[in-house]
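What follows is one structure encoded as structure tokens, with my remarks underneath.
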Amino acid sequence: MEESINLLTLINEKYPKLSKGHKLIAAYIVDRYDQAVFMTAAKLGEAVGVSESTVVRFATALGFDGFPEFSDAFTLWYKDKMNSVQKIGAKYGKSSQSDLVNSVLHADIEKIEDTLENLDVNAFEMAVDIILKAKKIYIVGLRTCEPLAEFLHFYLNMIRPDVFMIKTTSASEMFEQMIRIGEEDCIIGISFPRYSMRTLKAMEFARDRNASIISITDSAHSPMNLYSSCNLIARSDMVSIVDSLVAPLSVINALVVALCLRLPNEVNKNLKTLEEVWGNYQIYLNDEINFIDDEPVLNYSLKNEVSDDEDED
């Protein structure tokens, strides 16, 4: 086993083929690595609710000779991760604030350009069709991906009915919220390294219930793609200790716009209803921007497409 191995990547790759008990251990380590790294096999088993021997077999299932080798690799990975702040200092420590801003923003631009170049257009169109046809939509994105999930939920809820945001701190709560998911429904899973085991479990559950699955993730090799037939890839590298979510957000933005253009009448109707509610209940002050006017942006976009077609004729 190589010393420089990324342990969490290894666990994510092996996860689908692990036994039930081993999956419990894997989920605990990924979600609580900062606690698990200091545990013995006995303590880890106690925390998860499995035997010490199951923990030892888990290490073997990952390809280690035993738990001690696994523990050494885990500790090495953890120390390397904790040194990431020092690595940022080495890279940016002598940069001026303007140089720092310029460097980070250009890195984000590169991620969007790379995403644009490599995004599967057919998968994008499939995702739009799935969302339009699904009876119910479930969205799951945890930890740093939660803002992306919230953003998508907010706008999908304005476009169509029956959109549910899965909020959870445990797998059991997650399954309770998804208990009625079926083959007419869809789940959109959003996860980037380090991949959330709870998100993977939600997608596995949805697949077992024959629901349509859309993944928004960073790579064709992401474990998210094991459960999804529609994969939207958006680059999200670690610039520092913070994930860059610019490219994934742009892909979600494109999804929302595409859906609006497919359902212009329903979107305008929903927006007008909201505008009336905001006015009746004085949600916004009079100087707030009015999102509904005589020439809605949505209609203007559609009108431009029609005009372009007429010009070509």
Side-chain angles (χ1 to χ4, degrees), residues 1-84 87 140 142-145 168-175 178 189 191-209 213 215 217-229 231 236-238 241 243:
M1 185 65 63
E2 298 179 8
E3 291 185 352
S4 60
I5 190 168
N6 186 322
L7 188 67
L8 296 195
T9 298
L10 174 65
I11 291 175
N12 282 318
E13 290 174 350
K14 298 281 188 179
Y15 182 82
K17 296 183 180 180
L18 295 177
S19 66
K20 183 178 179 180
H22 290 173
K23 283 183 177 180
L24 291 174
I25 300 170
Y28 186 90
I29 290 174
V30 171
D31 286 341
R32 300 179 179 84
Y33 67 88
D34 53 342
Q35 301 173 34
V37 69
F38 301 109
M39 294 181 176
T40 62
K43 286 291 184 182
L44 182 56
E46 182 181 345
V48 175
V50 299
S51 66
E52 181 178 354
S53 60
T54 300
V55 176
V56 174
R57 287 194 295 272
F58 167 76
T60 304
L62 293 183
F64 296 94
D65 291 336
F67 188 80
E69 187 183 14
F70 165 80
S71 182
D72 290 344
F74 196 178
T75 301
L76 188 64
W77 172 85
Y78 182 76
K79 287 180 178 179
D80 185 62
K81 181 175 179 62
M82 291 303 101
N83 286 335
S84 59
K87 293 175 184 176
V140 57
L142 305 178
R143 303 174 75 91
T144 57
C145 293
T168 177
T169 56
S170 70
S172 61
E173 290 177 2
M174 179 173 59
F175 292 139
M178 295 174 58
S191 191
F192 294 84
R194 52 190 184 95
Y195 306 105
S196 166
M197 280 295 179
R198 281 174 287 163
T199 301
L200 288 170
K201 286 181 178 180
M203 297 179 73
E204 184 179 15
F205 178 72
R207 184 194 62 182
D208 292 342
R209 302 293 290 271
I213 302 173
S215 70
T217 189
D218 68 311
S219 165
H221 304 293
S222 167
M224 297 281 287
N225 300 337
L226 295 171
Y227 306 105
S228 172
S229 58
N231 309 313
S236 178
D237 293 337
M238 292 285 284
I241 57 172
D243 287 315

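Just so you know, these numbers come straight off a predicted model, no measurement behind them.
T199 and S191 are not linked by any side-chain donor-acceptor pair at a separation below 3.5 angstrom, with hydrogens and angles left out of the test. Residues S228 and N231 bring a donor and an acceptor atom of their side chains to less than 3.5 Å of each other. In this structure, a donor-acceptor pair under 3.5 Å is present between the side chains of D218 and Y195.
Interatomic distance, CE of M203 versus CG of N225, reported as 7.5 Å (0.5 Å rounding). To the nearest 0.5 Å, atoms CE (M197) and CD (E204) are separated by 10.0 Å. In this structure, the separation between CG on D72 and CZ on F74 is 12.0 Å, given to the nearest 0.5 Å. In this structure, L200 CG and L226 CG are separated by 8.0 Å, a value rounded to the nearest 0.5 Å. In this structure, the separation between CD on E173 and CE on M178 is 14.0 Å, given to the nearest 0.5 Å. Distance check, rounded to the nearest 0.5 Å: CZ of F175 to NZ of K201 gives 6.5 Å.
Residues F58 and V48 have side chains not in contact (no heavy-atom distance under 4.5 Å, counting atoms from C-beta outward). Side-chain atoms of Y28 and V50, non-hydrogen and from C-beta on, never get closer than 4.5 Å to each other.
Under a 3.5 Å cut-off, the side chain of S215 and the backbone N or O of T217 do not form any donor-acceptor pair.
When all heavy atoms are compared, the tightest approach of F67 to V56 is CB-CG2, 4.4 Å. In this structure, I11 and A26 approach most closely via the heavy-atom pair CG2-CB, 3.6 Å.
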